[in-house]
Amino acid sequence: MLDIQLIRDHPETVRDALRKRNDNPAIVDDVLGLDSQWRELLQSVESLRAERNRVSKEIGRMQDKQARQAKIDEMRDVGERLSGLDGERREVEEALRAKLLWIPNIPDPTTPVGPDEGSNVEIRRWGSPRDFAAEGIKPVPHWDLGPELDIIDFERGVNLSGSRFYILKGLGARLQRALIFWFLDVHTRENGFTEFYVPFVVKRDMLVGAGQLPKFEDNLYHDVEDDLWLLPTAEVAITNLHRDEILDHQQLPLHYVAYTPCFRREKMSAGRDVRGIKRGHQFDKVEMYEFVDPATSYDELNAMVAVGEDLLRRLGLPYRVLELCTGDVSFAAAKGFDLEVWAPGQDAWLEVSSCSNCTDFQARRANVRFRTTPDARPEFVHTLNGSGLALPRIMIAILENYQQADGSVVVPEVLRPYVGVDVIRRALR
RNA sequence: GGAGGGAUGGCCGAGCGGACGAUGGCGGCGGUCUUGAAAACCGUAGUGGCUGUAAAGUCACCGUGGGUUCGAAUCCCACUCCCUCCGCCA
């Protein structure tokens, strides 16, 4: 959520931000209209209330029965006017808040301007894709490799749960678990992150706090009976971990990491990426999340990207880093970088991490603040999130990059202690 | 799932219709004393909104949402969460 004060004082800044995001700037005028209406009502309500408070105190001290009754009658009228006006105030206030929740974060000035992902800027590239042609191998996509190795079962996944669900079997399941363990171990042992295990379903307000609601309701799974929502990402749970808290400056920055499954309906992506395990309704992810002092948030963002890159290098997977443009940076973020890994089987780059600085946008929604000194006014923290990393896509990259001519797959060295074998072959059975 | 008890400021805890934004204690901050520290003593201290250049004024907040009343932390209703006991259970 944006600071209403910012919208009042610099509406053109906000309109400009919306245009750059390919969004309709008209909402700014809706907000300004509601806001001035609200302030007018608030002032009427408060002056009536001030009068009532004052007179009510007098009534408490009055001895003269008649005069007292006269004041009581007078205040009864005031009370009626007050409740009418206050009802109006509340309606306008709710309408205003509802509008505000639809406005995205303002992109940072350094975010490249562009309408869609075509305008993202590649800023780095690491590793060179393996020369399969030179080896005389035609790289096979994972959707063929997986079933061939008997480690991915698409058909039975669909039988259980419908399209976009799959099953990992044997070393496939083990490889995924190995990645989860290794990621968490690196983050907690080397990078100073604190590991969390969180509920996979949360209350509605938590989705609002993280910015998924109201705008992305279509993409979420939801239990109607208890109004509980499945996490689309661990970010939602962790954003709200310190909801309504005032943190001490010395605690910051907080580096958190959590492994969770993620659930997404993928309605917007109907028909896209239907093959393989690239885009399922359920996937696993290790998520980094940080609460930081606003002064350091951009440094922290760079550091977070570096952590993601380090994981990819140690896995030996060629990748590139994209600086997201205004049309592609996420709703809650002011700036973001994507990490994309090379998938030779499908001749494509796969997004395996998106690191974002959400500045005070989520902190304002979830009300997470801090004090610079013990008696300073509380300020909103900045929050960052980034995948570290998204699992099924890393598995795709491993399978496709490390495949051999006989259809077996070499396990990257860092994972061998976790997987227990050097090479994944089809089980003879 | 059944029965009972509870929710007050950073923490503990009083208040049960009118001078209560809330006694008191602890903790915090500032000071006195001290070579320094502790103790003791004195003082200070919540969050947010609106108006205002400011000084200041005003409103709201005692789990949440409604209601009664001229007036609600206090009375009524609903909900949420916590505790105790019983049942069930990974």
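Chain naming here is simple, since letters A, B, ... match the order of the sequence lines and numbering starts at 1 in each.
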Nearest atoms (heavy-atom pairs only) where A:F331 meets A:G211: CD2-O, 3.5 Å
So which atom in A:S354 and which in A:S387 form the shortest heavy-atom distance, rounded to 0.1 Å? N-OG, 3.3 Å
Geometric class of the A:Y221/A:H281 ring pair [parallel <30°, tilted 30-60°, perpendicular >60°]: perpendicular
How are the rings of A:F196 and A:Y256 set relative to one another: parallel (under 30°), tilted (30 to 60°) or perpendicular (over 60°)? tilted
Please tell me which of A:R54 and A:Q43 maps to the more 5' nucleotide of RNA chain B, matching each residue to the nucleotide holding its nearest heavy atom. A:Q43
Per nearest nucleotide of RNA chain B, the residue lying toward the 5' end, A:L42 or A:A50, is A:L42
So, are [X] and [Y] salt-bridged, with charged N and O less than 4.0 Å apart?
X: A:E190; Y: A:R314; value: yes
X: A:E12; Y: A:R19; value: yes
X: A:D150; Y: A:K169; value: yes

A:R81 near the nucleic acid: base, sugar-phosphate alone, or nothing, with a heavy-atom cut-off under 4.0 Å? nothing
Could you check how far [atom1] of [X] sits from [atom2] of [N], rounded to whole Å?
X: A:R243; N: B:rC81; atom1: CZ; atom2: C1'; value: 15 Å
X: A:E46; N: B:rA60; atom1: CD; atom2: C1'; value: 7 Å
X: A:D226; N: B:rU80; atom1: CG; atom2: C1'; value: 13 Å

Measure centre to centre between the rings of A:F263 and A:F283, then say whether the value is under 6.0 Å. no
For B:rG48 and A:R369 - does any side-chain N or O of the residue sit under 4.0 Å from the phosphate oxygens OP1/OP2? yes
Check this one for me: any side-chain N or O of A:R377 less than 4.0 Å away from OP1 or OP2 of B:rG48? yes
In whole angstrom, give me the gap between the P atoms of B:rG13 and B:rG6. 14 Å
In whole angstrom, give me the gap between the C1' atoms of B:rG5 and B:rC89. 25 Å
Restricting to nitrogen or oxygen on both sides, can you table the protein-nucleotides 69-73 of chain B pairs closer than 3.5 Å?
{"from": "B:rC70", "atom 1": "OP1", "to": "A:R76", "atom 2": "NH1", "distance (Å)": "2.5"}
{"from": "B:rC70", "atom 1": "OP2", "to": "A:R76", "atom 2": "NH1", "distance (Å)": "3.3"}
{"from": "B:rC70", "atom 1": "O4'", "to": "A:I72", "atom 2": "O", "distance (Å)": "3.4"}
{"from": "B:rC70", "atom 1": "O2'", "to": "A:S56", "atom 2": "OG", "distance (Å)": "3.0"}
{"from": "B:rG71", "atom 1": "OP1", "to": "A:R52", "atom 2": "NH1", "distance (Å)": "3.2"}
{"from": "B:rG71", "atom 1": "O4'", "to": "A:S56", "atom 2": "OG", "distance (Å)": "3.2"}

All N/O pairs under 3.5 Å across the protein-nucleotides 52-55 of chain B interface:
none

Donor-acceptor contact present, side-chain A:R81 to main-chain A:R76, <3.5 Å: no
Set out, line by line, the N/O atom pairs under 3.5 Å between protein and nucleotides 63-66 of chain B.
{"from": "B:rG66", "atom 1": "OP1", "to": "A:R90", "atom 2": "NH1", "distance (Å)": "2.1"}

Can A:Q346 and A:H142 be counted as having a side-chain donor-acceptor contact under 3.5 angstrom? yes
